[in-house]
Asker: 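Structure provided below as structure tokens; questions to follow.
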Amino acid sequence: MGLVETIASGLRTRLIARAGGIDLTRLDKVPDHLAWPLQRAGVDPVPRLGEMRDRDPVTKLTSFLGLDVWLVTGDAEAREVLADRSSYSTDIRPYMGRSGSATEGDIGGLGFTDPPEHSRLRKLLTPEFTMRRLARLQPAIEAVVAGQLDELAAAIGVDGSADLAQAFAFPIPFLVICELLGLPDDRREHFRTLASARFDVSEGGMGAVGAISGSREFLLAEATRQRADPGPGLIGQIIREHGDEINDFDLGGLADGVFTGGLETSASMLALGAAVLLQDRDLWQRLADDPASVPAVVEELLRYLSVVQVAFPRFVKTEVTVAGRHIRKGAVVLVSIPAANRDSRTYAGDVLDPSRATGSHLAFGHGLHRCVGAELARMELRAAFPALARRFPDLAVATERLDYREMSIVFGLESLPVRLHREPALQA
Ligand code: HEM
């Protein structure tokens with residue numbers, strides 16, 4: 001079982017738990033009628049999603065052993081759900097046989113936590129993500145990008161190609177998160193091994209599952225270590241400013257939430273974004289020549305690619321009406337971010353058009369759980385794409401068939417083989 005299935009099976013377990021303890025974990029596969037919205041057709045959402053949005057943007061997807069599962073595919077409807085702070089819970093702990101305390105459940109951070117616990121923890125984190133504090137990371141981000149450009153050049157094999165995902169897309173957010181968290185240089189290599197294993201789906205599930213606890217344990221130990229000797233980054237800063245408001249377990253958990261929230265998402269955006277840009281040479285050239293064009297291209301790529309395929313599941317606490325549809329208490333509402341972000345009532349639909357870019361797309365979510373790291377992710381993307389285009393203007397995709405993830409919560413590319421020079425025929 002790969003990471004994707006692990007996540008899907010985690011989701012299934014949660015859904016089942018909500019359904020009143022019916023044990024569906026024995027099912028060996030997520031049923032297609034539940035899982036198909038996590039599939040893609042190339043970089044596009046599967047056509048069915050668009051058809052559903054145009055016909056019925058708030059749809060009962062299925063009834064799964066008594067549990068209603070709703071799918072929201074329109075932009076306005078998605079905002080309505082995500083902005084509603086009182087009708088939904090994202091807390092899965094009471095349904096996993098654990099107590100509601102954040103100090104006991106190993107549930108993956110803020111996303112699965114409700115207020116007031118969510119507000120308490122998020123308030124500790126947000127000061128680290130203000131523009132002022134993030135600005136201090138800008139030189140580090142630029143240095144990381146420059147370093148990976150050198151690595152990419154060095155990684156070119158005898159056949160003249162290298163894997164942009166491995167040499168560029170993954171290490172950049174990894175190293176930036178190390179900077180953000182304030183991990184000492186001599187501990188990064190070990191952490192990198194854990195991180196790679198965690199996101200490596202090629203070896204099957206066991207490595208990935210084992211590594212999940214490995215990287216979390218690493219960050220818990222790091223919180224304890226920094227308690228005695230606070231470092232320069234987020235972990236040390238929270239200890240300095242709020243040390244008495246948070247224990248090591250919660251701090252390690254917050255750091256792990258930042259790490260999991262920020263690594264795979266940004267790595268996917270870098271790899272997929274590069275793949276799209278390399279197939280649109282005008283855009284590629286524009287990124288290299290015109291720095292003013294960069295923010296709009298990045299926003300449009302975020303919308304167009306919508307790497308997070310579904311927002312955290314929202315469990316209905318009290319009956320709610322969305323766009324005229326009544327949804328029963330206990331139901332689960334899934335918001336399809338790619339479907340909402342391709343809604344032509346609001347955006348350029350299925351066309352990538354930076355001239356129509358807006359920063360208010362849903363790629364980072366909306367409302368209570370909106371991505372804490374959105375500005376940091378933007379900084380990385382705005383630094384990485386133009387630097388790549390300037391350093392390797394002739395970079396080209398070196399495969400006929402891109403290796404897209406088939407079904408996943410975070411859409412991505414397993415690898416992106418590139419050549420530093422375009423084929424003579426293509427250079428004309
Ligand atoms: C392009 C990169 C990224 C994308 C597309 C992305 C997307 C998202 C989305 C869609 C959500 C959940 C929204 C919801 O269900 O309401 C989220 C939450 C979150 N993200 Fe990101 N993210 C990215 C990068 C980052 C980075 C760099 C960090 C941190 C360094 C980060 C940390 C988080 C955290 C901690 C949450 C949970 C917030 C909460 O529940 O209050 N993300 N992100």
Side-chain angles (χ1 to χ4, degrees), residues 11 72 78-85 88-92 102 107-126 128-129 133-134 137 141 144 169-170 172-183 195 219 233-235 253-273 298-315 332-338 340-341 359 361-385 409-412:
L11 177 64
V72 177
R79 283 170 199 277
E80 193 178 330
V81 171
L82 299 178
D84 182 340
R85 292 174 178 239
Y88 306 97
S89 164
T90 61
D91 187 356
I92 57 166
I107 43 79
L110 287 177
F112 296 114
T113 309
D114 283 343
E117 187 65 357
H118 175 266
S119 331
R120 185 181 80 79
L121 293 173
R122 184 156 169 141
K123 229 189 278 166
L124 298 177
L125 211 50
T126 40
E128 302 309 314
F129 290 90
R133 289 220 181 146
L134 287 178
L137 278 178
I141 293 175
V144 162
F170 180 84
I172 289 175
F174 173 76
L175 292 169
V176 169
I177 288 174
C178 288
E179 287 290 328
L180 174 79
L181 295 177
L183 299 184
L219 289 170
L234 181 151
I235 297 176
L254 267 191
D256 190 56
V258 164
F259 165 68
T260 40
L263 182 55
E264 197 181 12
T265 47
S266 310
S268 286
M269 268 308 299
L270 284 168
L272 286 164
V298 165
E299 287 317 308
E300 187 61 354
L301 284 172
L302 282 161
R303 175 194 76 84
Y304 182 74
L305 293 167
S306 295
V307 294
V308 175
Q309 308 239 51
V310 64
F312 299 118
R314 263 64 178 180
F315 301 104
V332 59
V333 179
L334 302 176
V335 172
S336 167
I337 296 179
N341 264 344
H361 53 73
L362 292 176
F364 293 116
H366 182 66
L368 195 64
H369 291 280
R370 186 178 184 276
C371 182
V372 174
E375 282 312 315
L376 178 60
R378 286 180 163 127
M379 284 165 71
E380 291 177 38
L381 300 173
R382 288 173 187 169
F385 290 134
I409 305 279
V410 179
F411 177 55

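Read the numbers this way: they start at 1 and go in the same order the structure lists the ligands and their atoms. Quantities reported herein were computed from a predicted structural model and do not represent experimental measurements. Keep in mind that the numbers below use all heavy atoms, side chains included, and drop hydrogens, waters and symmetry copies.
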Asker: Given Leu376 and Glu380, is the side chain to side chain contact (heavy atoms under 4.5 Å, CB included) satisfied, shown in steps?
Answerer: CA-CA 6 Å; Leu376 178 60; Glu380 291 177 38; 3.7 Å; yes
Asker: For atom 12 (C) of ligand 1, what's the nearest protein heavy atom and its distance?
Answerer: Phe312 CE1, 3.5 Å
Asker: Are any side-chain N or O atoms of Arg314 and backbone N or O atoms of Phe312, one a donor and one an acceptor, separated by less than 3.5 Å?
Answerer: yes
Asker: Which of the listed options, Thr113, Leu381, Val372, holds the heavy atom that is closest to atom 35 (C) of ligand 1?
Answerer: Val372
Asker: Find the distance between CD1 (Ile172) and CG (Leu263) and round it off to the nearest 0.5 Å.
Answerer: 12.0 Å
Asker: Tell me which protein heavy atom sits closest to atom 1 (C) of ligand 1, plus the residue, atom name and distance to 0.1 Å.
Answerer: Met269 CG, 3.5 Å
Asker: Return yes or no for this condition: an N or O of Ala363 is under 3.5 Å from an N or O of ligand 1.
Answerer: no
Asker: Got an N/O contact under 3.5 Å between Glu380 and ligand 1?
Answerer: no
Asker: Out of all atoms in ligand 1, which are within 4.0 Å of some heavy atom of His118? Include the element for each.
Answerer: 39 (C), 40 (O), 41 (O)
Asker: Report the relative orientation of the aromatic rings in Phe170 and Phe174; use parallel for angles under 30°, tilted for 30 to 60°, perpendicular for over 60°.
Answerer: parallel
Asker: Please test Val258 against Val372 for side chain to side chain contact (heavy atoms under 4.5 Å, CB included), starting from the C-alpha separation and ending with a verdict.
Answerer: CA-CA 8 Å; Val258 164; Val372 174; 6.0 Å; no
Asker: At less than 4.0 angstrom from any non-hydrogen atom of Ile337, what atoms of ligand 1 do you find?
Answerer: 10 (C)
Asker: If I apply the N/O under 3.5 Å rule, does Arg122 come out as touching ligand 1?
Answerer: yes
Asker: Under 3.5 Å, side chain of Ser89 to main-chain N/O of Phe315, donor-acceptor pair present?
Answerer: no
Asker: Given 3.5 Å as the limit, does a donor-acceptor pair link the side chain of Ser266 with the main chain of Ala377, or not?
Answerer: no
Asker: Starting from atom 32 (C) of ligand 1, which protein heavy atom do you reach first, and at what distance in Å?
Answerer: Gly373 N, 3.9 Å
Asker: Tell me, please: is Arg378 in heavy-atom contact with ligand 1, that is, under 4.0 Å?
Answerer: no
Asker: Are the side chain of Ser306 and the backbone N or O of Arg303 linked by a donor-acceptor pair below 3.5 Å?
Answerer: yes
Asker: Numbering the atoms of ligand 1 from 1, which are under 4.0 Å from a heavy atom of Gly365?
Answerer: 10 (C), 13 (C)
Asker: Which atoms of ligand 1 have any heavy atom of Gly111 under 4.0 Å away?
Answerer: 40 (O)
Asker: Nearest protein heavy-atom contact for atom 20 (N) of ligand 1: which residue, which atom, what distance?
Answerer: Cys371 SG, 3.2 Å
Asker: Answer yes or no: is there a donor N or O on one side and an acceptor on the other, between the side chain of Thr126 and the main chain of Arg122, under 3.5 Å?
Answerer: yes
Asker: Could you walk me through whether Leu270 and Phe385 pass the side chain to side chain contact (heavy atoms under 4.5 Å, CB included) test, one step at a time?
Answerer: CA-CA 8 Å; Leu270 284 168; Phe385 290 134; 4.2 Å; yes
Asker: With a heavy-atom distance limit of 4.0 Å, tell me whether Leu110 approaches ligand 1 through its side chain, its backbone, both, or neither.
Answerer: both
Asker: Which residue supplies the protein heavy atom nearest to atom 6 (C) of ligand 1, what is that atom called, and how far is it?
Answerer: Phe364 CD2, 3.6 Å
Asker: What is the closest protein heavy atom to atom 30 (C) of ligand 1, and at what distance does it sit?
Answerer: Val258 CG1, 3.5 Å
Asker: Evaluate the side-chain proximity of Leu234 to Leu125: yes if any heavy-atom separation is below 4.5 Å, no if none is.
Answerer: yes
Asker: Can an N or O of Arg314 be found at a distance shorter than 3.5 Å from an N or O of ligand 1?
Answerer: yes
Asker: Can you pull out the closest protein heavy atom to atom 24 (C) of ligand 1? Residue, atom name and distance to 0.1 Å, please.
Answerer: Thr265 OG1, 3.4 Å
Asker: Which residue and atom name correspond to the protein heavy atom nearest atom 13 (C) of ligand 1, and how close is it?
Answerer: His369 O, 3.5 Å
Asker: Is ligand 1 less than 4.0 angstrom away from at least one heavy atom of Leu254?
Answerer: no
Asker: Please classify the Val335 to ligand 1 contact at 4.0 Å (heavy-atom distances, strictly less than): side chain, backbone, both or neither.
Answerer: neither
Asker: List the steps and the verdict of side chain to side chain contact (heavy atoms under 4.5 Å, CB included) for Phe129 and Leu180.
Answerer: CA-CA 10 Å; Phe129 290 90; Leu180 174 79; 3.8 Å; yes
Asker: At a 4.0 Å threshold, what atoms of ligand 1 neighbour a non-hydrogen atom of Val307?
Answerer: 5 (C)
Asker: Can you list the atoms of ligand 1 that are under 4.0 Å from a heavy atom of Leu368?
Answerer: 41 (O)
Asker: Would you mind reporting whether Leu181 and Leu219 have side-chain heavy atoms less than 4.5 Å apart?
Answerer: yes
Asker: Any non-hydrogen side-chain atom of Arg378 less than 4.5 Å from a side-chain atom of Glu299?
Answerer: yes
